[in-house]
Amino acid sequence: MRLAIDHRTTYRFTNPQARLTQLLRLTPEDTHDQSVAGWNLHVDCDARLRYGRDGFGNRTTMLYVEGPLDSIEIHVSGEVLTNRSHGIVHGGHEPLPPELFLRETALTKPNAEIISFSSAISETDPVARLHALNLAVHRRFALCRGRPVAGRTAIEAFAEGKVSARDLAQVFVTAARTLGVPARYVSGYSPSCIEIGDGRPAPHGWAEAHVAGLGWVAFDPCTGLCADEAYARVAVALDSAGAAPVAGSRLGEGDEVLDVDLHVDRAAGQ
């Protein structure tokens, strides 16, 4: 499948900012099942860019801008070619052992309710158990089509009736770890992902769990299925904050307004 992606992130500030520093995780990478046919990153102001990788192996861009700055638009676009892999990740950049992804964070700390929920999964086969967990998370919650609540923990999401795609993935990651399965959050793009309130697709989040002898397998609790060739994988981390497309800081007073415009189109591969 060929996925054409056009993603604009715009920040507008109520007061001019003296300095802006951003860490961007907006660049997908080649795997055996995903080929980046072309990718461009553009910033609409005079900015210094530094390319590298974070501790999870994700491709990153550090962005530095000196003010005064009233607004900034970060635009990425390109094409990603994908193959059918039944959710299994082949040939990814893996600098860390799977066991590290058993580690909980402030966002993925479980409570008694999450532990009880995951313990109720009766399947003993490792793959079948993860599929059952994915479906159980999918069925438990109603999906919220608004923008994700920033900083919401798995415990907070589990107590809600309606949650975002980010919340679902983070609950799955948390629950899988209580079963002794390494699991991580994935950020990226999919034309089949949940749409925000105005009808435009939002950047997506799903999960990967590690199965001995098989490797990392992608699960999307939004659909209750494995992530397939309609997904472009960009970044992984212990939680959603670690895989956030844009993160950073600014020096200046006032508030900021965020606007995201994303188009993901797909066509059958040749």
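- Note: W206 and H204 have tilted aromatic rings, judged against thresholds of 30 and 60 degrees for the angle between ring planes.
- Looking only at side-chain heavy atoms (C-beta outward), T27 and V76 stay at 4.5 Å or farther from each other.
- Of all heavy-atom pairs between D220 and G205, the closest is OD1-O, 4.3 Å.
- Hydrophobic clustering keeps L251 apart from V65 (ILVMFWY residues linked when any side-chain heavy atoms are closer than 4.5 Å, directly or through intermediates).
- Residues L102 and V89 are members of separate hydrophobic clusters, defined by side-chain heavy-atom contacts under 4.5 angstrom among Ile, Leu, Val, Met, Phe, Trp and Tyr.
- Hydrophobic clustering (side-chain heavy atoms under 4.5 Å, transitive across Ile, Leu, Val, Met, Phe, Trp, Tyr) groups V171 together with I121.
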Less than 3.5 Å apart, which donor and acceptor atoms pair up between the side chains of residues 132-140 and the rest of the protein, not counting sequence neighbours?
unit_1	atom_1	unit_2	atom_2	d
N134	ND2	G224	O	3.3
N134	ND2	L225	O	3.2
H138	ND1	P221	O	3.0
H138	ND1	C222	O	3.0
R140	NH1	F158	O	3.1

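- With T82 contributing its side chain and E229 its backbone, the two residues share a donor-acceptor pair below 3.5 Å.
- Residues P28 and V36 approach most closely at O-CG2, 3.7 Å, considering heavy atoms.
- Evaluated for a side chain to side chain contact (heavy atoms under 4.5 Å, CB included) with L26, the options T9, I5, V234, I74 yield exactly one hit, I74.
- Aromatic pair H7/Y189: ring centres closer than 6.0 Å.
- Rounding to the nearest 0.5 Å places CD of E208 at 9.0 Å from CZ of F101.
- Of the possible donor and acceptor atoms, one in the side chain of N58 sits under 3.5 Å from a partner among the backbone N and O of V236.
- Side chain of D44 to backbone of E73: a donor-acceptor contact under 3.5 angstrom is found.
- Listed for the T174 side chain is no donor-acceptor partner under 3.5 Å among the backbone atoms of P110.
- Under the 4.5 Å side-chain heavy-atom criterion for grouping Ile, Leu, Val, Met, Phe, Trp and Tyr, L81 is not connected to Y231 through any hydrophobic cluster.
- Using a cutoff of 4.0 Å between basic side-chain nitrogens and carboxylate oxygens, E104 and R177 are not scored as salt-bridged.
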Donor-acceptor list for residues 237-250 side chains, cut-off 3.5 Å, not counting sequence neighbours:
unit_1	atom_1	unit_2	atom_2	d
D239	OD1	A241	N	3.2
D239	OD1	G242	N	3.0
D239	OD2	T105	OG1	2.7
S240	OG	Q170	OE1	2.9
R250	NE	E256	OE1	2.9
R250	NH1	Q17	OE1	3.0
R250	NH1	G254	O	3.4
R250	NH2	G254	O	3.1

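- From L258, atom CG reaches atom OH of Y11 across 5.0 Å, with rounding to the nearest 0.5 Å.
- Summarising the geometry, atom CG belonging to L69 is positioned 6.0 Å from atom CG belonging to L20; distances are rounded to the nearest 0.5 Å.
- Looking only at distances, a side-chain donor or acceptor of S119 sits under 3.5 Å from a matching main-chain atom of I115.
- Within 6.0 Å of atom CZ in R103, 12 or fewer heavy atoms from other residues, nucleotides or ligands are found, so the atom counts as exposed in its surroundings.
- Side-chain atoms of T61 and Y51, non-hydrogen and from C-beta on, do get closer than 4.5 Å to each other.
- The nearest pair of heavy atoms linking V163 to A157 is CG1-O, 3.4 Å.
- Put simply, CZ on R12 and CD1 on I72 are 12.0 Å apart, with the number rounded to the nearest 0.5 Å.
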Ignoring hydrogens and angles, write down the donor-acceptor pairs under 3.5 Å from the side chains of residues 92-100, residues two or more places apart or on other chains.
unit_1	atom_1	unit_2	atom_2	d
E94	OE1	R184	NH1	3.0
E94	OE2	R184	NH2	2.8

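- Heavy-atom contacts from other residues, nucleotides or ligands closer than 6.0 Å to CG of D46 number 12 or fewer.
- In this structure, E253 places its CD atom where only 12 or fewer heavy-atom neighbours from other residues, nucleotides or ligands lie under 6.0 Å away.
- Under the side-chain contact (heavy atoms from CB on, under 4.5 Å) criterion, P68 pairs with P16, sequence neighbours left out.
- Between F219 and H131, the ring planes lie perpendicular to each other; the angle is over 60°, past the 30° to 60° tilted range.
- The CG atom of D228 lies 7.0 Å from the OG atom of S190; values are rounded to the nearest 0.5 Å.
- Pairing each heavy atom of R25 with each of T60, the nearest pair is CG-CG2, 4.2 Å.
- Summarising the geometry, atom OG1 belonging to T153 is positioned 11.0 Å from atom NZ belonging to K109; distances are rounded to the nearest 0.5 Å.
- Side-chain contact between V211 and I88 is absent, with no heavy-atom pair separated by less than 4.5 Å.
- Hydrophobic cluster membership is shared by F117 and L130, with clusters built from Ile, Leu, Val, Met, Phe, Trp and Tyr side chains linked at under 4.5 angstrom.
- At least one donor-acceptor pair under 3.5 Å links the side chain of T178 to the backbone N or O of A175.
- Using a 4.5 Å cut-off between side-chain heavy atoms of Ile, Leu, Val, Met, Phe, Trp and Tyr, L23 falls into a hydrophobic cluster with M62, Y64.
- Sorted by first and then second residue, the pairs that involve residues 33-43 and meet side chain to side chain donor-acceptor pair (under 3.5 Å), not counting sequence neighbours, are D33-H90.
- A207 and V186 make their closest contact through C-CG2, 4.0 Å (heavy atoms, listed as atom of the first residue, atom of the second, distance).
- Considering all non-hydrogen atoms of both residues, S77 and D6 come closest at CB-OD2, 3.8 Å.
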